[in-house]
Structure formats: C-alpha cells, structure tokens
Amino acid sequence: MAMNLSATEHRAPQEIAEIIAGRLRLRSEVLERIEVAPPGYINLTVKRELWFRVLAEIEAQGEQYGRSTLGRGQRVLLEFVSANPTGPLHMGHGRGAAVGGALANLLRSAGYNVSTEYYINDAGRQVHLMAASVTAVQNPTSAPEDGYKGAYIVDLAKQLQEKQQAGVLRTGLTNSEVAEWASSQLLNDIKTDLQAFNLRFDRWFSEQKELFNSGAVTQALDWLRQHGYLFEQDGALWFRSTTFGDDKDRVVRKQDGEYTYLASDIAYHRDKLARGYDLLINIWGADHHGYIPRMQAVVEAFGYPKDRLKVILVQIVNLLRGGRRVTMSKRAGELITLREVIEEVGADAAKFIFLTRRADSQLDFDLELAKQKSAENPVYYVQYAHARVASLFRVAAERRVPVQRTSEVDWSVLSSPDDLELIKPLAEYPALIESSAQALEPHRLTYYLQDLAARLHAYYYKHRILPPALEQELDNQDNLKASAHEADQERKRETLTPALTAARLCLFRNVQAVIQNGLGILGVSAPERM
RNA sequence: GCGCCCGUAGCUCAGUUGGAUAGAGCGUCGGGCUUCGAACCCGCAGGUCGCAGGUUCAAGUCCUGCCGGGCGCACCA
C-alpha cells in the first residue's frame, strides 16, 4: 500500500510506511507487532490468542464455515456434461462432470444461487446416425459410413428386436422413431452413470422437445431476422456474427433446409437468457474453444453483455494403466467408459484426480495409480487425515479422555509454532472458497486440502495428543531414548497435560471439520475409517 | 496463414488477479513404527520460471516479438 501511494504522494514508500505503521500502533489491541521493512512493507503480527478465535468460529458455524455472501444470491446457470445420447459417457465427460459438480458446490458456498442443467442433444444428425447404426446390425449392408460401433449398439439392436417380438414396440419403425427410442435408452444409462458419480442435475433440457417441437428455434431465428442479424446467401441462412466480433458469419440453416447445431444453440441460449440468470456458465471440451466467440455473439445479439456467458474449457484426459497409454478409439467403439472407471477405482478417487489439475490443462489419469491406496494417491492422503482424526476420537472415547468445547479450552497451552501452522490455513479457508469461486477454479481447493492434510499428518507425528493407556505408562520414558530424530526428541521432552490434550483434540476436530467441508464441495466422501 | 491455450525442479503440476528467499507430489539418495492408524513422518539434492526486449519502485504473473508444443479455423456435432 505504501508503495502504491508513493507515486501519488511523491514521498519515499518507506517514509509512508512509517507513517501508516505509526497510526496503526495507536490502536493495536489486536496486533502484537508492527514493523516496516524495506522497500516499504508493513509487517503486522497479530496477537497469538487471536488465531484461536478462528477455531471457535469454525465450531460455531459448523458446516456453514467458509460460506460467504460474495455472490449476493446471483442466479447462475451451470450447464455441463451435456453428452449426446448416442453412447455411454467416457473419461472426458467424467472430468467435465467432476469439474461441474465441484464448481456448482463451490459457487453455492460463495453465495451464488446455482442451477445445474444437462442439455440433451437428441435432435439432428448424430442421433439419427446412431439409430441407423442400430438398425444396420440386422442388415449390415445398410450400415452408414460414419456409423457408431461398439457392443452397446449391438445390445440396443438386440433389445429392440426383443421388444418388437414381444409386441411392446411395433415393427417397421422409421429411423426417427428408432432414434427416439434408442436415445432415451442411452440417456437412461447416462443418468445411471451420473448417479453412480453422485451427481444430480436440476434440469434436463431436451433439444428435440423444448427447442424444435416447441417452435423455439424458429422463434429465436425470427427475432434475429427482425433485428437484421440474419441474411440469405447461396441458398443458406446466415447469422451475422461478425457484427459482434466473430471472425466470420455462420450458417444457421443449410442449403438442404436442415438447421445447423448453431440454430439450436441460439434458441437454447435465448431461452437461458430469458429465464433471467445473472450468469451462464458452460463447460465444454477444449476442442470447442473456437466456438466461444460465436456463442458470445449470440448473447450480444439478444442484447446482453457478452460476458454474461462464461465458458470453462476442459482438456482431454489421457488414460494410462501403469504408465502405459490406453488407446481409445471412438471409431471402433473401444473407448473406456466412465462407468468402467468408477467400478474399477471408485467415484471418490476418480473425482479427486479429475480435480488435481486446472481444467484447461491435459490430465494423465493412471488407473493403477488411482486404485493404489498409497502415498502416490492424493485422495487417500486427504481422506486418511480425516479418518485419522476420527480414529483419534474413538480412542479418546475408549480411554475416557474428556473432550471439551472450543469455548472451554485453555489455548495458552498451545505454545508451539506448529499450532499456528495448523490454524493459519483454517483461517484462510473462507478466502480460498471466495477466490476459487470467483476464478471458477475448483482445483485450488484440491491443492488446499492436500496442504492442510500434510500439516495435520506432520503435527500428528510430531506431537502426542492423547495420554497413553494405563499399562503403557510405565515404560513410556524409555521408548525414545535411542532416536536421534529431532521430532522424536521434541516429543520426548513434552509433558502432556490434560489441558494440552484437550486443546489439541479441539484443534484436530476443527481441522477435521474443514477437511470434511472441503471434500464435500469436491463431492468426495470423508470417511470415518478406511 | 489467422485465432485460442500452454511452456515453472529429472517427471507431473501449483503459484490466491503485480509483492519480500518461486512451492507441492512423484522419482533419486538417506533416516524414522514397542505409543493415538507407517494409507504416515523427517532430511539431502534438484531452478537463467522457453528466449529476447518493454511497462513498473516491484514481473513466473501485464505488453510486444521470436522459438517450441497442443487445439481450433465446416452449409459436422
């Protein structure tokens, strides 16, 4: 601050810093020390007992700790996954799902009013291609050139045939009818998979029903035409997106009379905007990034600022097994599905690993590593910290060690620097939630939790929490004699009083609460035992 | 060719909107369980933050240009 002021005040920053520091000293009931360091930093040391108030706050607020009013209740629509109902979810969708779920929770924690939505792309070429592929199983010569392959297509064909033989479905369905039936089957599978991933959506939005059947597409295009943003050329209908900064104008209806996907997306985003959200967030695969300017052009055309729409790009996932690349060929239908991954490594590990990188950077996902219950697997590291505290309290109960409320604890006994190392991150937690939410970056929380868990593990190793059981007390003195270890030495010197036990238990309980809170936002469970 | 993203320790990556001595994990090497959970801890080594300029009291962070990598540039989704 002093350095910023020096430009306008025309005085040396250190001089300004001294003045500010002097003023602060006058009312320093919360400050222990105020020092000025070159070139103009003001270092404030808050009184030690102030840190312990954080613990009381965590206990008082419980699950509400970390919540803020940053978002002021602004309504946010978060659309994610939105995979076409033409096949099962794969790893890329899983990453989008993990990021979206965590982001929704994060924004809610930061005081936003979030709705989640899945856009079902159940109209157009892809579902019809899928349907034709299903039909072609009976009659291979009719197989479409770029058709879908894979076991699930054969399964669908078999199911269809059975239904027809049983008279549930009539024979001689049109391709559109097959498409409708098959895509709804696949959508059910997708819903099941997302449930297995502990994700739910507030709304499932059907392109076919809610945009085409309802007439929303033609209405949206009419609106654009009336405002002069559409024109015809070469037999096609174009959206004049260059008016709003896009590189080129875009076709919304092709020469053959078919609408492009952009037509649906125009109608869809018009619908979203009309629903009155303050912010629209879409999570897309990174290969769609070229699509952003044109969608923001759409938003502007409808009279909204273009940053009303924010897009989070999620990069691809490289699937590995023991360091070796697992090849994924969509063409041959051999891609590893999200379901298979959840079954193999579990939803918690999958989610956490998806959230260990910024969304916009490529991610290596090693199945063997994700399964390992070891230090190499960050999920277990964090969960273990939580379980460890739970275990501690179980033992405390067994040994009838009294557990005090935060308000009853004598904090003066926590005189080691290690105590503050553990408390400081707890104090920073609310600010972390806010900044992560604002940046739309849930991975920051993942890193925070790993750091907090590390501090807890280190503290746990270094300091004894509970008095030993009675039968162990006698030889307690002799145990550590040979250890040259610094931490062991320190632990040996410490005398564990009941007040110290109570304070440390309380400290741990509050660390545990924050870990639980953070894991909850990530959508990962916080187990009592592992 | 144009546009977007990226380049930080041997590897994989963080770096809180421009602040002090750039941090983790893995890997290497060495050490630590007779206690409350070793699914853990401690230590050593490892850096010209791709390169070169610029803005600033201050740049990993902002600007420009190169080099290197990824992705887009459809009347496909």
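Reminder, nothing fancy here: chain letters follow the sequence lines and each chain counts from 1.
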Just N and O in the side chain of [X]: are any of them under 4.0 Å from OP1 or OP2 of [N]?
X        : N     : value
A:Arg464 : B:U35 : no
A:Lys254 : B:C76 : yes
A:His443 : B:G15 : yes
A:Arg388 : B:A38 : yes

Going by purine N1 to pyrimidine N3 plus the second Watson-Crick contact, or the G-U wobble pair, all under 3.5 Å, which nucleotide sits opposite [N]?
N     : value
B:G1  : B:C73
B:A45 : none
B:A9  : none
B:G19 : B:C57

query: Got a sec, which residues hit ring pair (Phe, Tyr, Trp, His ring centres under 6.0 Å) with A:Phe352, two or more places apart in sequence or on another chain?
result: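 Applying ring pair (Phe, Tyr, Trp, His ring centres under 6.0 Å) to A:Phe352 gives none.
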
Give one of base, sugar-phosphate or nothing for [X], where a contact means two heavy atoms less than 4.0 Å apart.
X        : value
A:His289 : base
A:His288 : base
A:Asp247 : nothing
A:Glu434 : nothing
A:Arg358 : sugar-phosphate
A:Ser435 : sugar-phosphate
A:Tyr447 : sugar-phosphate
A:Ser361 : sugar-phosphate

query: Under the rule syn = chi within 90° of 0, otherwise anti, which is B:C33?
result: syn

field: Verdict with supporting geometry, A:Lys351 and A:Arg95, side-chain contact (heavy atoms from CB on, under 4.5 Å)
entry: CA-CA 7 Å; A:Lys351 270 189 203 170; A:Arg95 189 176 184 187; over 6 Å; no

message: Between A:Glu258 and A:Arg253, does any side-chain N to carboxylate O distance fall below 4.0 Å?
response: no

query: What integer distance in Å separates A:Tyr261:OH from B:A74:C1'?
result: 7 Å

field: Proximity to RNA chain B (any heavy atom under 4.0 Å), residues of residues 423-432 of chain A only
entry: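 Here the set is empty: none.
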
- prompt: Looking just at side-chain N and O atoms, do A:Asp122 and A:Ser183 make a donor-acceptor pair shorter than 3.5 Å?
  reply: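 No, no side-chain donor-acceptor pair sits under 3.5 Å.
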
task: For nucleotides B:A74 and B:G10, find the distance between their C1' atoms and express it as a whole number of Å.
output: 43 Å

